[in-house]
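Since the model is a prediction, treat every value here as computed from it, not as a measurement. Note that these values count all heavy atoms, side chains included, but never hydrogens, waters or copies made by symmetry.
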2 protein chains.
Amino acid sequence: MTMLEQKHLALLDEVQRRKQPEAGSIQLCFELLGLASAIDRDCAARLAPYRLSEGKFVLLFLLHDQAGGLSPHELAERAGVTRATITGLLDGLERDGFLARHDDREDRRKVVVRLTAKGLSTAGELFREHTQWIGSLFAGLDAEERQVLSQLLRRVWQNTDAAANAAAADTTVGRPS
Amino acid sequence: MTMLEQKHLALLDEVQRRKQPEAGSIQLCFELLGLASAIDRDCAARLAPYRLSEGKFVLLFLLHDQAGGLSPHELAERAGVTRATITGLLDGLERDGFLARHDDREDRRKVVVRLTAKGLSTAGELFREHTQWIGSLFAGLDAEERQVLSQLLRRVWQNTDAAANAAAADTTVGRPS
DNA sequence: GACCCGTAATTAGGCGCCATACTATATGCC
DNA sequence: GGCATATAGTATGGCGCCTAATTACGGGTC
């Protein structure tokens, strides 16, 4: 069994047929992407019975220890998505009874989002399940192997645009590395 | 700079605060997912100037050496998405002049999709660019390191549902592993 | 108090993906 | 021939994400 995705097979075939020197890198890249997709799919499948998506789960988690609630704005910042996206996720979560929106009495532009009892218990339950599941994915690797994997991933990440942009920001604000 | 995504930071913080034993695995998992997302984002950014998405690029590639064209059905199979998804992608690609739909004279249910000249040249150009770019991501790793990374990824993949399902299918059809 | 500007949240519209339901055509069986 | 069934493609509606536009409110300035 291959861990590659269907869409990548044709690409890889062609690269290998042409005997291009990048073939090894490309297969490796597709293995990495395929594994990440498989993990995302598993995650979605685990959350689906609760009528939750990964994005919604993150909101539940962000709210689980905030007795005073959070505003959509804060949720957007901490989840790393736009406020517009938060609006849509909150709509679904409110519809399904996981949380409620309340008016902020001090600043009438604001909304305060708080979990319901259902939301709170679901968040706790899922948090435990979720961490155990992820732990089980990497259960086969010992501490040293995990360290090696982390280092290799980090070195690849250095070549992405995200890293390049971070480095550029670094040189303009602080010192060049 | 961290390669973790915003949404993962809060989760990871909480796990570490609770000193759960899975903390190392979870950080590693999030590094893996973050790298994959960074690669996907870079890919999307590279294709955006052409008004293409990754899904559309795959279709262009699948068609680039098919002088006789392919049907939406075949495209769906080879790309690993549903026919409905193909319809949407084709709509966009046809609108932007990369390809055209023709009626099949032999089977009037069928449609034959063929690249235009523009589609053909774009596909060729992008295929070269794309493979070089992926090669550059992994340029920092030598053959042995790539091998190690591949093996580690594969061992993690063994613990996903995809692998479990593949194994189950195996035992029903052929011999247990 | 009227004005401008910034901020909070939402709406509107787009994209890519999905599952489901529908239409048209082909094909096998009686 | 006539009908059931399968297949090809599409339409519809949902989700998560985005950007841009809109609406409501707050706070400063004159």
Side-chain angles (χ1 to χ4, degrees), chain A residues 5-7 33 36-38 40-41 43-45 47-60 69-96 98-113, chain B residues 5-7 33 36-38 40-41 43-45 47-60 69-96 98-113:
Chain A
E5 309 224 287
Q6 188 61 38
K7 66 181 172 189
L33 295 177
S37 293
D40 281 341
R41 270 195 306 275
C43 178
L47 295 175
Y50 299 88
R51 299 193 57 167
L52 291 173
S53 62
E54 197 203 327
K56 287 176 179 174
F57 170 64
V58 169
L59 296 197
L60 245 52
L70 289 174
S71 68
H73 177 89
E74 293 170 310
L75 288 170
E77 272 189 350
R78 301 190 191 190
V81 299
T82 63
R83 272 164 298 165
T85 298
I86 294 292
T87 297
L89 295 177
L90 290 181
D91 286 348
L93 287 168
E94 190 166 29
R95 167 173 49 74
D96 293 339
F98 291 107
L99 50 78
R101 285 186 249 221
H102 309 276
D103 293 342
D104 185 323
R105 284 316 225 114
E106 280 156 21
D107 187 336
R108 293 173 56 193
R109 292 171 302 181
K110 281 191 183 169
V111 165
V112 177
V113 179
Chain B
E5 309 221 289
Q6 187 63 37
K7 65 181 173 187
L33 295 177
S37 293
D40 282 341
R41 272 196 305 275
C43 179
L47 295 175
Y50 299 87
R51 298 193 58 168
L52 290 174
S53 62
E54 198 203 326
K56 287 177 180 173
F57 170 64
V58 169
L59 294 198
L60 245 52
L70 289 174
S71 68
H73 177 90
E74 292 169 312
L75 289 170
E77 272 190 352
R78 301 190 191 190
V81 299
T82 63
R83 272 165 298 157
T85 298
I86 294 292
T87 297
L89 296 177
L90 290 180
D91 286 347
L93 287 167
E94 190 166 30
R95 167 172 48 73
D96 293 339
F98 291 106
L99 51 78
R101 284 186 248 221
H102 309 275
D103 293 342
D104 185 322
R105 283 318 224 113
E106 280 157 22
D107 186 337
R108 294 173 57 194
R109 294 170 303 179
K110 281 192 183 169
V111 164
V112 177
V113 179

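When all heavy atoms of A:Arg51 and A:Lys56 are compared, the closest pair comes out as O-NZ, 4.0 Å. A pairwise comparison of heavy atoms in A:Arg101 and A:Val113 identifies CG-CG2, 4.3 Å as the closest pair. For B:Leu90 against B:Pro72, the heavy-atom pair with the smallest separation is CD1-CG, 4.0 Å. When every heavy atom of A:Arg41 is checked against every heavy atom of A:Glu5, the shortest pair comes out as NH1-OE2, 3.1 Å.
Taking atom CG of residue B:Leu93 and atom C1' of nucleotide C:dG16, one finds them 12 Å apart after rounding to whole Å. Here D:dT7 presents its C1' atom at 12 Å from CD of B:Glu77, a figure rounded to the nearest Å. Taking atom CG of A:Asp40 as the reference point, atom P of D:dG16 lies 14 Å away to the nearest angstrom. Rounding to whole angstrom units, CZ of residue B:Arg105 and C1' of C:dT25 are separated by 15 Å. Taking atom CG on B:Leu89 and atom P on D:dG9, their separation rounds to 14 Å, with Å as the unit. Computed from coordinates, the B:Leu60 CG to C:dG16 P distance equals 13 Å when rounded to whole Å. As rounded to whole Å, 11 Å separates atom P of D:dG9 from atom CG of B:Leu70. Taking atom CG of residue A:Leu59 and atom P of nucleotide D:dC15, one finds them 15 Å apart after rounding to whole Å.
No option in B:Leu99, B:Leu89, B:Leu70, B:Val81 other than B:Leu89 meets the side chain to side chain contact (heavy atoms under 4.5 Å, CB included) test with B:Leu59. Among the candidates A:Arg78, A:Arg83, A:Arg109, the single residue satisfying the side chain to side chain contact (heavy atoms under 4.5 Å, CB included) test with A:His73 is A:Arg83.
Distance check, rounded to the nearest 0.5 Å: SG of B:Cys43 to CG of B:Leu52 gives 10.0 Å.
Across all strands, B:Ser53 comes closer than 4.0 Å only to sugar-phosphate atoms, never to a base (heavy-atom distances).
Open room surrounds CG on A:Asp103; 12 or fewer heavy atoms of other groups in view lie less than 6.0 Å from it. For B:Arg95, the CZ atom sits in a packed shell: over 12 heavy atoms of surrounding residues, nucleotides or ligands are nearer than 6.0 Å.
Helical stems in DNA chain D, defined as runs of 3 or more consecutive Watson-Crick or G-U wobble pairs with both donor-acceptor distances under 3.5 Å, are listed by first residue as C:1-30 with D:1-30.
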- Task: At under 4.0 Å between heavy atoms, which parts of nucleotides 3-14 of chain C does protein reach? Answer with one letter per nucleotide, 5' to 3': B base, S sugar-phosphate only, - none.
- Result: ---BBBBBB---
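Where A:Glu54 and A:Arg108 meet DNA chain D, the nucleotide closest to each residue was compared, and A:Glu54 sits on the side nearer the 5' end.
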